[in-house]
Number of protein chains: 2
Amino acid sequence: MSVNVSERSVRRLSLYRRFLLHVQASGGRYLFSHDIATATRTSAAQVRRDLMAISGSGSSSRGYHVTDLLKSISCFLDAPAPQHVALIGLGNLGRAVFAYFVGRHPNLRITLTFDIDPAKTGRLINGCPCHNVLKLNHLCPSHGIRMAILTVPAAEAQAVTDMLVRGGIRGIVNFAPVTLHVPVGVFVETMDFSISLETAAFFSRA
Amino acid sequence: MSVNVSERSVRRLSLYRRFLLHVQASGGRYLFSHDIATATRTSAAQVRRDLMAISGSGSSSRGYHVTDLLKSISCFLDAPAPQHVALIGLGNLGRAVFAYFVGRHPNLRITLTFDIDPAKTGRLINGCPCHNVLKLNHLCPSHGIRMAILTVPAAEAQAVTDMLVRGGIRGIVNFAPVTLHVPVGVFVETMDFSISLETAAFFSRA
DNA sequence: TTCACGGTGTGAAAAAAATAACGATGACAA
DNA sequence: TTGTCATCGTTATTTTTTTCACACCGTGAA
Ligand SMILES: NC(=O)c1ccc[n+]([C@@H]2O[C@H](COP(=O)([O-])OP(=O)(O)OC[C@H]3O[C@@H](n4cnc5c(N)ncnc54)[C@H](O)[C@@H]3O)[C@@H](O)[C@H]2O)c1
Ligand SMILES: NC(=O)c1ccc[n+]([C@@H]2O[C@H](COP(=O)([O-])OP(=O)(O)OC[C@H]3O[C@@H](n4cnc5c(N)ncnc54)[C@H](O)[C@@H]3O)[C@@H](O)[C@H]2O)c1
């Protein structure tokens, strides 16, 4: 399934899908590769190449059929059944992310949250139970959770990551400004605001 | 200054710096390229190559002198004087980002904020004035602001971006889940939570 | 002193990614 | 029908990025 498709390509496919959903919502039926390209800031050749990899086929005269293409991309990107996600750390950012998340990702579902603060554990957050982080090892496997969103303080992030890995998590979206160390086979995506900021600062002067 | 240094290299240099600051704080004095490499999940050759580009030189017996290297990297990455930054959109995320930002980036300073909600404009947020977004065109140039952090709803992001560009902004860190269109010479870094999430979801199954 | 060792700096090689090129296809106008 | 045209799918080429390889250097032991 994931054979021969690079990380960058997956990221672009996800972008294409978002654009296609907008087009579909506003009634568009067909798109050319260069339409998708300009909307997502890439090249027509790149779009065709990415779509080739997932065998989303278009017609040379009308282009790509929006709904069909959406189906192809979603079939490729999404798991057959919704994936369960754990959220660790219900501070400012964790709660904001949870609120943002809800309703936006039909194929992903935050089913458990964890914190270490007794004021937060044992309650429901957005209708979702919050457990003590020590139960992570136990609860993630039993709930079939393979993905986590990490919004704990930087100093705690590696320790929590180790727990997540032991609990069988294979994909982590990390908001803490640290480089996480994980075994091969575990995917980490760090949303590093500081690095992005410094990078933008640098190139704003270039 | 920025000649011959790729975006990826800048990003890594920023990571190296963060690690070096930790090492410095805990009293470390020298590091080998492979130390930096393992800490930042890259290779020793990559580290040496990146550092070569900014002429941060090390000794073959002791490695790199932490403080000297920090100086070299900071001299390369940072502007001679602190850069001024505007923050647009003081909702949940905007306020969280502002709080996070404070004290963390000595060489960057959020000097103005903007919103469209009359309940927010005209006040001080963290001691920083919040103006109506319509004044953006006028105030950014007069305050020497060349960078912006964008935390407005997705539907507003492009319109606000257009204002920012007209106001002379050259670097944008965008949190809205949209692909922004800007003229060449303007750098956009989109912190795209949805795309990162979907990418992690994909590779957690790979 | 002399040698072995482990590291740096850097050109060469390899790998990965993006771009360009081009035959094939179908729509449409003449 | 026939020719033109724009776009697709795919292969080839170019560019970018990473990794490899190795000469050279400073240190410490013999
Ligand atoms: N706030 C932002 O805008 C922002 C921006 C970028 C990055 N970040 C990063 O995101 C992370 C969270 O930021 P925040 O502002 O929400 O911080 P916060 O202090 O508000 O929240 C942290 C939460 O994690 C919990 N926690 C602490 N240790 C834990 C552990 N071992 N296990 C489980 N839960 C634990 C705390 O109880 C708290 O609820 C930090 O790493 C921060 O650097 C935040
Ligand atoms: N909350 C999250 O965790 C999260 C995560 C990822 C991405 N995002 C994105 O970040 C952005 C902000 O999210 P939020 O949760 O803070 O939303 P929010 O609605 O709480 O805040 C948006 C703010 O922008 C202001 N605003 C609206 N239109 C404006 C305009 N034209 N000019 C200036 N200001 C304007 C509003 O008054 C409000 O203060 C959204 O694009 C969202 O998709 C949020």
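Order of the sequence lines fixes the chain letters, A, B, ..., with proteins taken first and strands second; residue numbering starts at 1 for each chain.
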Using atom names, set out every protein N or O paired with an N or O of nucleotides 28-30 of chain C below 3.5 Å, distance rounded to 0.1 Å.
none

Taking N or O atoms only and anything under 3.5 Å, show me the protein contacts with nucleotides 8-12 of chain C, one pair per line.
from	atom 1	to	atom 2	distance (Å)
C/dT8	OP1	B/Ser33	N	2.8
C/dT8	OP2	B/Ser33	OG	2.7
C/dT8	O3'	B/Gly58	O	3.3
C/dG9	OP1	B/Gly58	N	2.7
C/dG9	OP2	B/Tyr64	OH	2.5
C/dG9	N7	B/Arg48	NE	2.9
C/dG9	O6	B/Arg48	NH2	3.1
C/dG11	N7	B/Arg49	NH2	3.3
C/dG11	O6	B/Arg49	NH2	2.9
C/dA12	N6	B/Arg49	NH2	3.4

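Nucleotides of DNA chain D lying under 4.0 Å from heavy atoms of chain A occupy a range whose first and last members, 5' to 3', are D/dT7 to D/dA12.
Closest heavy-atom contact between B/Arg41 and A/Leu180: CD-O, 3.3 Å.
Atom CG of A/Asp50 is separated from atom P of C/dA16 by 17 Å (rounded to the nearest Å).
Applying the salt bridge (Lys or Arg N to Asp or Glu O under 4.0 Å) test to A/Arg170 and every residue at least two apart in sequence or in another chain returns nothing. Residues satisfying the ring-ring contact (aromatic ring centres under 6.0 Å, His included) criterion with A/His65, sequence neighbours excluded, are A/Tyr30.
Around atom NE2 of A/His181, more than 12 heavy atoms belonging to other residues, nucleotides or ligands sit under 6.0 Å away. Atom CZ of B/Arg109 has 12 or fewer neighbouring heavy atoms from other residues, nucleotides or ligands inside a 6.0 Å radius.
At a threshold of 4.5 Å between non-hydrogen side-chain atoms, the residues A/His131 and A/Leu139 count as touching. Looking at A/His105 and B/Glu198, their side chains come closer than 4.5 Å, going by heavy atoms from C-beta outward.
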With a 3.5 Å cut-off and sequence neighbours excluded, list the donor-acceptor pairs that the side chains of residues 84-100 of chain B form with protein atoms.
from	atom 1	to	atom 2	distance (Å)
B/Arg95	NH1	B/Leu90	O	2.9
B/Tyr100	OH	A/Ser194	OG	3.4

- Query: After noting the C-alpha distance and the side-chain angles of B/Phe175 and B/Ile149, does the key distance pass the side-chain contact (heavy atoms from CB on, under 4.5 Å) rule?
  - Reply: CA-CA 8 Å; B/Phe175 283 86; B/Ile149 302 169; 3.8 Å; yes

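Taking CE from A/Met147 and CD1 from A/Ile110, the interatomic distance works out to 9.5 Å, rounded to the nearest 0.5 Å.
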